Asker: 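Below is a structure I'd like to ask you about.
Position 1 is the first residue of the sequence, and the numbers go up from there. All figures in this text were calculated on a predicted structure; none of them were measured in a lab.
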Amino acid sequence: MPRIDRYILSQLLTLFGFFALVLVSVYWINRAVSLFDDLLSDGQTALVVLEFTALTLPIVISVVLPVAAFAASAYGTNRLTGESEMVAMQAAGLSPWRLARPVLVFGIFVGLLVAILVHGLVPMARARLAERETAIAENVTAQFLRPGEFQYPTEGVTLFIREVAKDGRLLDLFIEDARNPDNQTIYSSEEALVVRKDTGPVLVLLQGMSQNMRKQDGNRRLSVVRFSEFSYDIGAMFHARDRRGQDLREYTTWRLLYPDRELLEATGASAGQAIREAHERIAQPFLSPVSAMIGFAALLVGGFSRFGVWRQVFWAILLLIFVQFVSNAAADQVGKNFNLWPLLYMPALIGAAISLMLLWLAAKPRPRPRLKSRKEGTA
């Protein structure tokens with residue numbers, strides 16, 4: 001690679017690292033705040049919160065990198081122009097097509113990073129997240145069974161535990177099940193145990209009483225039953241079902257391209273949905289070189305101005321928004337008809353066409369203003 005290409009590429013990579021760090025931090029913090037509230041309110045430790053936030057990081061990075069590539073190319077081109085380095089390169093005979101070569105290499109590099117993320121790290125992170133969510137949902141004692149607090153694990157259910165013994169026994173348990181207004185039940189017991197079963201956790205109430213208020217024939221009837229042992233299934237209440245393998249985004253791209261019966265039964269999706277998810281992953285990395293080229297080519301259009309290139313920056317942002325709009329529209333159409341999956345590659349092709357058109361306009365000779373002759377000026 002010639003020295004001039006290495007210089008431009010080093011400038012772009014430095015700016016890309018800065019913008020990627022800033023954008024990832026902002027985006028990740030916004031997502032992590034709600035995650036902190038949910039996990040800490042469920043009684044999870046700081047290590048669990050840190051693990052979950054770290055697992056969401058590949059997802060955030062894959063979304064932010066194309067935007068960071070655009071910002072780096074636009075800002076880098078603006079700085080090279082402002083410091084007259086771009087003018088010196090063009091005066092030395094380098095055309096916009098020649099100057100676009102290191103930018104294209106930079107965009108391909110970012111695209112490779114996005115491809116590694118969307119095809120490898122992101123599915124692994126989503127699978128690990130589903131596994132950890134299932135483990136935490138099964139840990140009822142840490143999630144909901146906290147002593148001395150009235151808790152509402154689901155709508156219409158109230159739970160209270162006076163104390164949790166060192167051996168794991170729940171002392172003085174109170175449960176009000178009012179999910180059905182016409183059939184409400186209150187359970188109370190001196191102690192209870194949490195038993196694990198295949199269907200989820202079960203509360204075994206010992207030495208207690210149940211009071212049932214049922215509406216029948218327009219009247220309410222109260223029945224009281226005392227028991228020495230009673231089982232209360234709380235698996236559905238705490239959503240302690242296995243979430244692993246139920247999301248298409250957890251599977252590899254190759255398996256989504258050729259979905260088998262096991263995958264479709266586990267996710268409940270159709271073969272068209274799986275193929276659409278695979279092609280969305282394949283098309284996503286192509287937006288990175290397109291974003292970088294738009295940010296570079298748009299700033300080359302127009303002559304030098306002491307007022308800066310804010311107009312070119314404005315149009316570059318609009319063009320990037322347009323490409324993203326086309327991407328969203330294509331995804332919506334493919335969602336309605338899975339046979340239209342080639343539309344997912346249309347945004348990258350449109351972005352490439354826009355970049356080529358901008359480079360052609362930048363390389364096109366500009367007509368010089370005609371100078372008036374002395375006679376014409378005198379007249």
Asker: Could you check whether any side-chain N or O of Ser95 sits under 3.5 Å from a backbone N or O of Arg98, counting only pairs where one atom can act as donor and the other as acceptor?
Answerer: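 It does hold such a pair.
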
Asker: Should we count CZ of Phe286 as having more than 12 external heavy atoms under 6.0 Å?
Answerer: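 No, not enclosed.
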
Asker: Between Trp341 and His279, what is the ring plane arrangement, given parallel below 30°, perpendicular above 60°, and tilted in between?
Answerer: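 Aromatic pair Trp341/His279 classed parallel.
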
Asker: Ignoring hydrogens and angles, tell me if any N or O in the side chain of Ser73 forms a donor-acceptor pair with the backbone of Ala292 under 3.5 Å.
Answerer: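 At least one qualifying donor-acceptor pair exists.
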
Asker: Counting only heavy atoms not in Glu149 (residues, nucleotides, ligands), do more than 12 fall under 6.0 Å from its CD?
Answerer: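 Yes, the 6.0 Å shell around CD holds more than 12 heavy atoms from other groups.
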
Asker: For Gln184, is there any backbone N or O sitting under 3.5 Å from a side-chain donor or acceptor partner on Arg179?
Answerer: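 Not at all, since once roles are kept as given, no pair shorter than 3.5 Å links the two residues.
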
Asker: Donor-acceptor pairs under 3.5 angstrom involving side-chain atoms of residues 319-337: please list them, not counting sequence neighbours.
Answerer:
unit_1: Gln324; atom_1: NE2; unit_2: Asn328; atom_2: OD1; d: 3.3
unit_1: Asn328; atom_1: ND2; unit_2: Gln324; atom_2: O; d: 3.4
unit_1: Asn337; atom_1: OD1; unit_2: Asn339; atom_2: N; d: 3.2

Asker: Test side chain to side chain contact (heavy atoms under 4.5 Å, CB included) on Leu193 and Leu170 and set out the steps.
Answerer: CA-CA 6 Å; Leu193 302 174; Leu170 310 178; over 6 Å; no

Asker: For Glu265, which residues count as a side-chain contact (heavy atoms from CB on, under 4.5 Å) partner, sequence neighbours excluded?
Answerer: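 Per chain and number, Glu265 pairs via side-chain contact (heavy atoms from CB on, under 4.5 Å) with Arg261.
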
Asker: Is it the case that over 12 heavy atoms from other parts of the model lie below 6.0 angstrom from the CE atom of Met124?
Answerer: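 No.
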
Asker: Shortest non-hydrogen contact from Pro123 to Arg281?
Answerer: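 Smallest heavy-atom distance, with atoms named: CG-NH1, 3.6 Å.
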
Asker: Which heavy atom of Pro102 sits nearest a heavy atom of Leu12, and at what distance?
Answerer: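 Heavy atoms only, the tightest pair is O-CD1, 4.5 Å.
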
Asker: Passes side chain to side chain contact (heavy atoms under 4.5 Å, CB included), Leu173 versus Phe160? Steps please.
Answerer: CA-CA 6 Å; Leu173 179 71; Phe160 179 82; over 6 Å; no

Asker: Between Arg214 and Asp182, is the closest basic N to carboxylate O distance under 4.0 Å?
Answerer: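 Here Asp182 does not pair with Arg214 in a salt bridge, since their nearest N and O are not under 4.0 Å apart.
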
Asker: Is it true that a side-chain atom of Gln273 and a backbone atom of Ser270 form a donor plus acceptor pair closer than 3.5 Å?
Answerer: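 Flag set: sc Gln273 to bb Ser270 pair under 3.5 Å.
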
Asker: Taking only residues two or more places apart in sequence, or in another chain, which ones meet Arg128 in a side chain to side chain donor-acceptor pair (under 3.5 Å)?
Answerer: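 Expected list: Glu51, Glu131.
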
Asker: Does the side chain of Thr185 come under 3.5 Å of the side chain of Asp177 through a donor N or O and an acceptor N or O?
Answerer: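 Looking only at side-chain atoms, Asp177 and Thr185 do not form any donor-acceptor pair under 3.5 Å.
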
Asker: Does Glu191 pair with Arg169 as a salt bridge, N-O distance under 4.0 Å?
Answerer: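 Counted as a salt bridge, because a side-chain N and a carboxylate O are separated by less than 4.0 Å.
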
Asker: Please check if the distance between the ring centroids of Phe230 and Phe227 is under 6.0 Å.
Answerer: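 Between Phe230 and Phe227, the centre distance is under 6.0 Å.
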
